[in-house]
**Q** 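To start, I am sharing the structure in question, which I have written as structure tokens.
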Amino acid sequence: MRLSAYFLPTLKDTPTEAQILSHRLMLRAGMIRQTSAGIYAWLPLGHRVLRKIEQIVRSEQDAAGAVELLMPTVQSAELWRASGRYEDYGKEMLRIRDRHDREMLYGPTAEEVITDIVKGTLKSYRDLPRTLYNIQWKFRDEIRPRFGVMRGREFLMKDAYSFDLDFAGAKRAYQKMFLAYLRTFARMGIRAIPMKADSGPIGGDMSHEFIILADTGESAVFCDRRWVEWDVLASAPAYDQDLEPFFADATGIYAATEEKHNPDTCPLPAEQLVTARGIEVGHIFYFGTKYSKPLGAVVAGPDGNPVTLEMGSYGIGVSRLVAAVIEASHDDAGIIWPESVAPFKVGLINLKSGDAACDKVCADLYDVLRTAQVEVLYDDREERPGVKFADMDLIGLPWQLVVGPRGLKAGTVELKNRATGERLELSQDSALERLTS
RNA sequence: CGGGGGGUAGCUCAGCCUGGUAGAGCAUGGCGUUUGGGACGCCAGGGCCGCAAGUUCGAAUCUUGUCCCCCCGACCA
């Protein structure tokens with residue numbers, strides 16, 4: 001993409017409404033624009049990151065055997081009356097009336113809808129187990145939205161729902177998602193720690209929050225130092241293996257949110273305890289027959305008798321993750337994207353647009369990179385070098401390929417690693433080789 | 001929802017107390033000088049001072065109402 005033809009409204013000043021770092025950086029990097037309190041438009045750069053994160057979530061859900069579908073944002077109040085949550089959910093639910101004065105709502109979650117879909121379709125124990133998921137916009141009318149997309153009212157969420165015949169099956173489904181979550185977050189370059197959690201208004205009794213450590217996190221968390229050092233992907237089993245030992249190991253390492261942590265009964269010696277702040281990026285629940293029972297979701301069991309489905313639900317805050325990754329990865333100059341979620345892999349900087357030699361070399365590099373399927377943002381604007389460097393650092397692409405008259409005289413281009421700051425003077429070919437290998 | 005702060009140019013803000021021709025910096029357009037880490041000079045464009053009513057000869061400024069935004073608290077993927 002040529003920057004001169006892109007839409008990247010970066011800001012030099014920090015808009016006053018933004019308080020936390022990720023919000024400021026997202027606004028300054030031209031990723032989002034607020035349209036109402038807690039509601040945001042995703043500008044091209046932010047949209048690319050959102051899609052990258054969504055795709056990682058999707059591919060790991062698929063790998064774990066979950067099946068994707070897409071449910072509506074607007075739901076009928078009728079279903080929620082049946083589960084008893086229409087009243088329980090209170091003012092956090094955005095209620096709408098259609099032209100016939102029917103009561104509708106903008107879905108804050110989808111347990112009712114999915115259960116209703118499934119109940120006429122999963123008929124026999126032979127149809128189980130099943131885990132279905134969708135990635136869809138949700139709306140919760142928070143009393144006070146804040147922190148940008150970290151705590152918006154409208155947010156993109158992956159929500160999965162498991163259906164099993166019995167507790168043993170439900171537990172296995174739960175463990176699969178537990179593993180899928182650890183893998184998903186690790187693939188985004190962040191470390192999410194599963195912590196025992198309250199089940200909240202959604203209900204249930206087996207529940208973990210996945211929390212990433214960041215200085216600007218919303219709540220205090222406490223965990224065993226081992227969590228910070230553990231390479232999850234190295235020790236993780238495959239999804240079709242027995243997950244019980246891994247699950248037992250992982251849940252055996254201490255980790256607790258502020259509400260669950262008691263300094264007096266904490267089993268860890270002080271030097272082993274990490275005290276930090278955390279951001280919740282995922283939450284998994286087992287809740288048994290809470291929705292299947294009132295909504296009548298039953299299948300025929302092996303003996304022919306009806307069995308009420310055992311369910312769990314599993315959420316990941318996709319849009320929140322964009323901000324969470326930034327909270328976990330930035331410096332004074334701006335964002336530092338992990339390569340897996342970066343909007344582009346390479347920023348190609350032409351230090352002297354209009355200079356024949358610079359233009360030619362940049363055009364060549366740009367073509368080669370694109371042909372090699374490397375995502376590249378080419379800053380071909382007629383701006384001063386300082387502006388280009390500052391913008392590129394701000395938007396945080398993992399690699400900067402800098403082409404200027406000084407280097408070309410010596411036959412080199414400069415390759416800068418955004419994360420480490422390391423700069424290498426290389427020939428065009430060896431720079432390309434590093435970026436395309 | 002309780003408590004606090006705020007809406008003036010695209011962005012950051014001054015002006016309001018004490019009513020009298022609407023300002024600065026940055027950004028934008030033009031010209032010139034610059035050109036490896038957010039350049040400099042000159043010129044130009046850009047505003048229903050959130051909206052409505054009131055007080056007044058006269059309102060960005062005072063009064064009332066209303067909408068919106070931000071912060072603190074309870075609530076949360």
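Computed from a prediction, not measured in an experiment: that's the story for all the values here. Within every chain, numbering begins at 1; the chains are lettered A, B, ... in the order of the sequence lines, protein sequences first and strands thereafter.
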**Q** Considering every strand shown, what is the Watson-Crick or G-U wobble mate of B:C17 when both distances are under 3.5 Å?
**A**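 Across all strands, not a single nucleotide pairs with B:C17.
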**Q** Using a heavy-atom cut-off of under 4.0 Å over every strand shown, decide if A:K12 touches base, sugar-phosphate, or nothing.
**A**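 Since a base atom lies under 4.0 Å of A:K12, the category is base.
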**Q** Which part of the nucleic acid, if any, lies within contact of A:T14, taking any heavy atom under 4.0 Å across all strands shown: a base, the sugar-phosphate backbone alone, or nothing?
**A**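 Here A:T14 touches the backbone only, sparing every base.
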**Q** Under 6.0 Å between ring centres: does that hold for A:W80 and A:Y291?
**A**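 Judged by ring-centre distance (under 6.0 Å), A:W80 and A:Y291 do not meet the cut-off.
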**Q** Using purine N1 to pyrimidine N3 plus N6-O4 or O6-N4 for Watson-Crick, or N1-O2 and O6-N3 for G-U wobble, each under 3.5 Å, what pairs with B:C11?
**A**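 B:C11 is paired with B:G25.
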**Q** What does A:D159 touch in the nucleic acid at a heavy-atom separation under 4.0 angstrom: a base, only the sugar-phosphate, or nothing?
**A**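 The answer is nothing, as A:D159 stays clear of every strand by at least 4.0 Å.
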**Q** Can you identify which nucleotide, out of B:C76, B:C11, B:A77, has its nearest atom closest to the A:E92 side chain?
**A**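 Comparing B:C76, B:C11, B:A77 against the side chain of A:E92, the answer is B:C76.
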**Q** Once you apply the 3.5 Å cut-off to both distances, tell me the Watson-Crick or G-U wobble partner of B:U35, or none.
**A**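 No nucleotide pairs with B:U35.
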**Q** Could you list by number each residue of residues 406-424 of chain A showing a heavy-atom separation from RNA chain B of less than 4.0 Å, or answer none if no residue does?
**A**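 By residue number: A:R406, A:G407, A:E414, A:K416, A:R423.
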**Q** Evaluate the side-chain proximity of A:Y314 to A:I284: yes if any heavy-atom separation is below 4.5 Å, no if none is.
**A**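 Side chain of A:I284 against side chain of A:Y314, heavy atoms only: contact under 4.5 Å found.
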**Q** Looking at A:F155, is A:R140 sitting on its ring face, NZ or CZ under 6.0 Å from the six-membered ring centre and within 45 degrees of the normal?
**A**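 Negative - A:R140 is either too far from the ring of A:F155 or too far off its axis.
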**Q** For nucleotides 66-74 of chain B, just jot down a letter per nucleotide in 5' to 3' order: B, S or -, based on protein non-hydrogen atoms under 4.0 Å.
**A** ---SSBBBB
**Q** What's the closest nucleotide to the A:D13 side chain, out of B:U12, B:A77, B:G36?
**A**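 Among the listed nucleotides, the one closest to the side chain of A:D13 is B:U12.
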**Q** For the P atoms, the ones on B:G23 and on B:C1, what distance do you get once it is rounded to whole angstrom?
**A**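 Per the computed distance, 40 Å lies between those P atoms.
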**Q** Going by an N to O cut-off under 4.0 Å, is there a salt bridge joining A:R381 and A:D391?
**A**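 Yes, this pair counts.
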**Q** So if I take every side-chain heavy atom of A:R384 and compare against B:C76, B:C26, B:U34, which nucleotide ends up nearest?
**A**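 The answer is B:U34.
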**Q** Determine the Euclidean distance between corresponding C1' atoms of B:U18 and B:U61; express it in Å to zero decimal places.
**A**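 Here B:U61 and B:U18 have their C1' atoms 10 Å from each other.
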**Q** At 4.0 Å (heavy atoms only), tell me whether A:R28 reaches a base, stays on the sugar-phosphate, or touches nothing.
**A**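 Result for A:R28 = base.
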**Q** Does any donor atom in the side chain of A:K138 or A:S319 lie under 3.5 Å from an acceptor atom in the other side chain?
**A**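 On atom types as modelled, these side chains do not qualify, holding no pair under 3.5 Å.
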**Q** Write down the distance separating the P atoms in B:C62 and B:G73, rounded off to the nearest Å.
**A**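 One P to the other, the span is 31 Å.
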**Q** Counting only Watson-Crick pairs (N1-N3 plus N6-O4 or O6-N4) and G-U wobbles (N1-O2, O6-N3), all under 3.5 Å, who is the partner of B:A77?
**A**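 When the pairing criteria are applied, nothing turns out to pair with B:A77, so the answer is none.
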**Q** Taking the P atom in each of B:A22 and B:C68, what is the distance between them to the nearest angstrom?
**A**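 Rounded to whole Å, the distance is 30 Å.
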**Q** So does A:E103 pair up with A:R81, basic N to acidic O under 4.0 Å?
**A**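 Salt bridge flag = yes for A:R81 with A:E103.
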**Q** Using purine N1 to pyrimidine N3 plus N6-O4 or O6-N4 for Watson-Crick, or N1-O2 and O6-N3 for G-U wobble, both under 3.5 Å, which nucleotide pairs with B:G2?
**A**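 Paired with B:G2, as far as the under-3.5 Å criterion goes, is B:C72.
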**Q** Checking A:R2 against A:Y6: charged group under 6.0 Å from the ring centre and within 45 degrees of the axis?
**A**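 No, cation not above the ring by the 6.0 Å, 45° rule.
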**Q** Give the C-alpha distance, both sets of side-chain angles, the deciding distance and a yes or no for salt bridge (charged side-chain N to carboxylate O under 4.0 Å, His left out) between A:R58 and A:E54.
**A** CA-CA 6 Å; A:R58 175 176 289 118; A:E54 178 184 337; 2.8 Å; yes
**Q** Roughly how many Å apart are B:C17 and B:G3, using the P atom of each and rounding to a whole number?
**A**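 One P to the other, the span is 27 Å.
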**Q** B:U55 pairs with which nucleotide, Watson-Crick or G-U wobble, both distances below 3.5 Å?
**A**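 Paired with no nucleotide.
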**Q** Taking the six-membered ring of A:F167 (Phe, Tyr or Trp), confirm whether the NZ or CZ of A:R172 is under 6.0 Å from its centre and within 45° of its axis.
**A**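 No, cation not above the ring by the 6.0 Å, 45° rule.
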**Q** Considering only the C1' atoms, how many Å lie between B:G30 and B:G65, rounded to the nearest integer?
**A**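 Nearest-Å result for B:G30 against B:G65 at atom C1': 47 Å.
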**Q** Given B:A77, B:G36, B:C1, which nucleotide is nearest the side-chain atoms of A:K91?
**A**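 Shortest atom-to-atom distance from the side chain points to B:C1.
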**Q** Sort out the partner of B:A60 for me: Watson-Crick or G-U wobble, both distances under 3.5 Å, none otherwise.
**A**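 Its partner: none found.
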**Q** With a 3.5 Å distance limit and no angle check, can you tell me whether A:W337 reaches the backbone of A:I395 through a side-chain donor-acceptor pair?
**A**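 Checked: pair present.
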**Q** B:A77 base stacked by A:F155? Criteria: ring centres under 5.5 Å, plane angle under 30°.
**A**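 The ring of A:F155 is stacked on B:A77.
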**Q** Determine the interatomic distance between C1' on B:A9 and the same-named atom on B:C13; round to the nearest Å.
**A**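 11 Å, rounded to whole Å.
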**Q** Does A:E280 or A:L11 map to a spot on RNA chain B nearer the 5' end, using the closest nucleotide for each?
**A**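 On the 5' side of the pair lies A:L11.
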**Q** Please tell me whether A:E111 and A:S313 have a donor and an acceptor in their side chains that are separated by less than 3.5 angstrom.
**A**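 Yes.
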**Q** Report the nucleotide, chosen from B:A39, B:G38, B:U12, that has the shortest atom-to-atom distance to any side-chain atom of A:P15.
**A**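 Closest of the options to the side chain of A:P15: B:U12.
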**Q** Determine the contact category for A:E142: base if any of its heavy atoms lies under 4.0 Å from a base atom, sugar-phosphate if only primed atoms, P, OP1 or OP2 are that close, otherwise nothing.
**A**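 Contact class for A:E142: base.
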**Q** Look through every strand shown and name the nucleotide pairing with B:C49 as Watson-Crick or G-U wobble, where both distances are under 3.5 Å.
**A**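 Its partner is none (no Watson-Crick or G-U wobble pair with both distances under 3.5 Å).
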**Q** Base, sugar-phosphate, or nothing for A:G315, non-hydrogen atoms under 4.0 angstrom?
**A**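 Counting heavy atoms under 4.0 Å across all strands, no contact is made by A:G315.
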